[in-house]
Protein chains: 2
Amino acid sequence: MNLEAIKPIFETNLLAEIEKKGTIREVKKGDVLVDLGEQIKFIPLIIKGSVKVVREDENGDGLLLYFVDYGNTCAMTLNCCMKNTKSEIRAVCEIDTTLIMIPSNLMDLWLSQYKTWRVFILSNFQNRLNELLKAIDSVTFMKLDERLERYLNEKVLSQKNNILKITHLEIATDLNSSRVVISRLLKKMEKNGSLLLGRNTIQMNS
Amino acid sequence: MNLEAIKPIFETNLLAEIEKKGTIREVKKGDVLVDLGEQIKFIPLIIKGSVKVVREDENGDGLLLYFVDYGNTCAMTLNCCMKNTKSEIRAVCEIDTTLIMIPSNLMDLWLSQYKTWRVFILSNFQNRLNELLKAIDSVTFMKLDERLERYLNEKVLSQKNNILKITHLEIATDLNSSRVVISRLLKKMEKNGSLLLGRNTIQMNS
DNA sequence: TTGTCCCTGTAACAAATGTTACCCTAATTG
DNA sequence: CAATTAGGGTAACATTTGTTACAGGGACAA
């Protein structure tokens with residue numbers, strides 16, 4: 001098990017524990033890691049890749065909440081582990097991703113034993129709360145064109161590639177908008193010179 | 001110090017610690033408990049009353065996130081305690097409120113020592129995350145009239161009184177809308193029979 | 001090759017929300 | 001008391017976003 005990526009985060013004893021109790025899982029782009037209403041029995045710790053976390057309402061409308069990168073876990077998932085409630089969100093792989101699955105019953109034990117685990121869990125909660133605040137800011141205070149711009153920039157960061165393989169419909173779904181509206185705005189941005197449109201691709205100029 | 005309200009939550013040893021290390025604070029309706037950008041050195045634990053938590057952007061536009069009731073704390077504040085970052089939110093008293101202020105440096109120590117503290121902190125994070133999700137749902141998926149209805153209902157719950165002393169402007173501010181729009185919708189709801197409007201008051205019929 | 005499906009562009013229109021302006025009245029202040 | 005201010009009602013209009021409809025071209029399978 002290659003734990004290089006998380007070595008700086010945890011104390012040595014805990015790393016050994018993780019190696020012993022955790023299991024590696026590899027998931028492909030597009031795979032659904034966690035789905036709505038699912039019971040979660042493992043804490044997913046991302047070693048490599050990127051996962052997007054999405055909220056959905058009863059009509060099937062959706063909204064992208066945030067991306068989770070390596071060295072992190074999804075606090076929304078931690079919830080479920082603690083209380084054995086069902087997942088309120090869906091997690092989908094953005095790119096091929098590797099994670100360690102840690103049995104959720106170790107959560108509390110490790111909290112009492114390992115300082116670095118406490119820091120890890122609590123700062124993950126902090127990060128997720130902040131991400132949710134950013135999502136709220138977007139939806140509440142920004143107009144759609146600004147949200148779209150932010151979305152594209154985050155996508156570039158999360159994929160480490162400024163040529164995005166994505167359709168207008170997918171964007172519309174992530175932003176809870178409609179395809180026509182997104183096409184309209186993208187066209188305006190292209191005329192603006194901030195990007196270049198192609199079939200299934202958007203090349204960002206920044 | 002009257003700790004009756006929180007007695008069921010914590011183990012006896014911890015209660016004694018809280019009594020020893022915490023200090024009582026009484027705040028009046030409208031008082032700002034935590035303000036944007038503030039450093040927080042105490043974990044506020046609500047014993048009696050209700051506090052509303054608000055997000056604001058750089059233009060002064062705002063949005064009500066959620067209410068915090070007794071037996072709870074504000075996880076957004078926990079963040080700040082942990083990392084000594086500045087507050088991302090403002091907390092304002094809805095009604096006269098009593099709280100215990102716990103020095104934030106005890107946070108980590110108690111996490112390692114007391115199971116009930118771990119449960120308390122983690123379930124508070126869980127609650128806050130869920131409240132934020134609800135806020136996101138409102139803003140993203142609901143139309144303004146539905147949001148207004150939900151807002152009024154929550155207000156009634158949080159104040160335990162179905163006659164609300166509030167102006168249309170205050171509502172507009174909490175919902176990040178404008179006074180004219182709120183008045184328009186309230187009037188429609190009055191014609192609907194779901195409430196009764198008066199100067200500075202709204203009487204809910206439900 | 002032909003047919004089908006998916007992606008994109010565009011126009012015309014509809015709905016939701018925000019803005020401005022003005023009025024009336026209750027409450028408060030001097 | 002008069003004067004001022006705050007809360008609320010309403011109309012007209014602007015802006016943003018969503019919806020419907022349709023057309024053209026690329027990708028792909030039969």
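Within every chain, numbering begins at 1; the chains are lettered A, B, ... in the order of the sequence lines, protein sequences first and strands thereafter.
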Between the protein and nucleotides 24-27 of chain D, which nitrogen or oxygen pairs come in under 3.5 angstrom?
| from | atom 1 | to | atom 2 | distance (Å) |
| --- | --- | --- | --- | --- |
| D/dG25 | N2 | A/Arg199 | NH1 | 3.4 |

Give every pair of a protein N or O atom and an N or O atom of nucleotides 10-12 of chain C that lie under 3.5 Å apart, one pair per line with the distance.
none

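One finds a salt bridge joining A/Arg150 and A/Glu154 here, because a Lys/Arg side-chain nitrogen approaches an Asp/Glu carboxylate oxygen to under 4.0 Å.
The CG atom of B/Leu169 sits 14 Å away from the P atom of C/dG18 (whole-angstrom rounding). If you take CD1 of A/Ile182 and C1' of D/dT16, they are 13 Å apart, rounded to a whole angstrom. Rounded to an integer number of Å, the gap from B/Glu170 CD to D/dG8 C1' is 14 Å. Atoms CG (B/Leu185) and P (C/dA16) sit 11 Å apart, rounded to a whole Å. Spacing between atom NZ of B/Lys165 and atom P of D/dG8 amounts to 11 Å, rounded to whole angstrom units.
Taken over five-pair windows at either terminus, the axes of the helix from C/dT1-D/dA30 to C/dG30-D/dC1 are inclined to one another by 30° (rounded to 10 degrees).
In terms of the salt bridge (Lys or Arg N to Asp or Glu O under 4.0 Å) criterion, A/Asp145 has no residue partners (sequence neighbours excluded). Remark: A/Phe67 pairs with no residue by the ring-ring contact (aromatic ring centres under 6.0 Å, His included) rule, at least two apart or across chains. With sequence neighbours excluded, the residues forming a salt bridge (Lys or Arg N to Asp or Glu O under 4.0 Å) with B/Glu94 are B/Lys155, listed by chain and number. Taking A/Thr116 as the reference, A/Glu11 meet the side chain to side chain donor-acceptor pair (under 3.5 Å) condition, with sequence neighbours excluded. Residues passing the salt bridge (Lys or Arg N to Asp or Glu O under 4.0 Å) test with A/Lys29: none are found, sequence neighbours excluded. Listed by chain and number, the residues in a salt bridge (Lys or Arg N to Asp or Glu O under 4.0 Å) with A/Lys28 are A/Asp96 (sequence neighbours excluded).
Counting only residues at least two apart or on different chains, no side-chain hydrogen bond (donor to acceptor under 3.5 Å, both in side chains) pair has a member in residues 60-73 of chain B.
B/Leu197 comes within 4.0 angstrom of the backbone, heavy atoms only, and of no base. Residue contacts for A/Thr167: at a heavy-atom cut-off of 4.0 Å it reaches the sugar-phosphate backbone alone, with no base atom in range.
Relative orientation of the B/Phe125 and A/Phe125 rings is parallel, given thresholds of 30° and 60° on the angle between their planes. Classification of the A/Phe120-A/Trp117 ring pair by plane angle, with boundaries at 30° and 60°, yields tilted.
B/Ser104 contributes a side-chain N or O that, together with a main-chain N or O of B/Lys41, makes up a donor-acceptor pair within less than 3.5 Å.
Around the NZ atom of B/Lys115, the shell of radius 6.0 Å holds no more than 12 heavy atoms that belong to other residues, nucleotides or ligands.
Comparing B/His168 and A/Ser178 against DNA chain D, the residue whose closest nucleotide sits nearer the 5' end is B/His168.
A heavy atom lying under 4.0 Å from DNA chain D marks the following residues of residues 139-156 of chain A, by number: A/Lys143, A/Leu144.
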For residues 181-198 of chain A, dump all side-chain donor-acceptor pairs below 3.5 Å to protein atoms at least two apart in sequence or in another chain.
| from | atom 1 | to | atom 2 | distance (Å) |
| --- | --- | --- | --- | --- |
| A/Ser183 | OG | A/His168 | ND1 | 2.9 |
| A/Ser183 | OG | A/Arg179 | O | 3.2 |
| A/Ser183 | OG | A/Arg179 | NH1 | 3.1 |
| A/Lys187 | NZ | A/Glu190 | OE1 | 2.9 |
| A/Glu190 | OE2 | A/Leu197 | N | 3.0 |
| A/Ser194 | OG | A/Met189 | O | 3.1 |

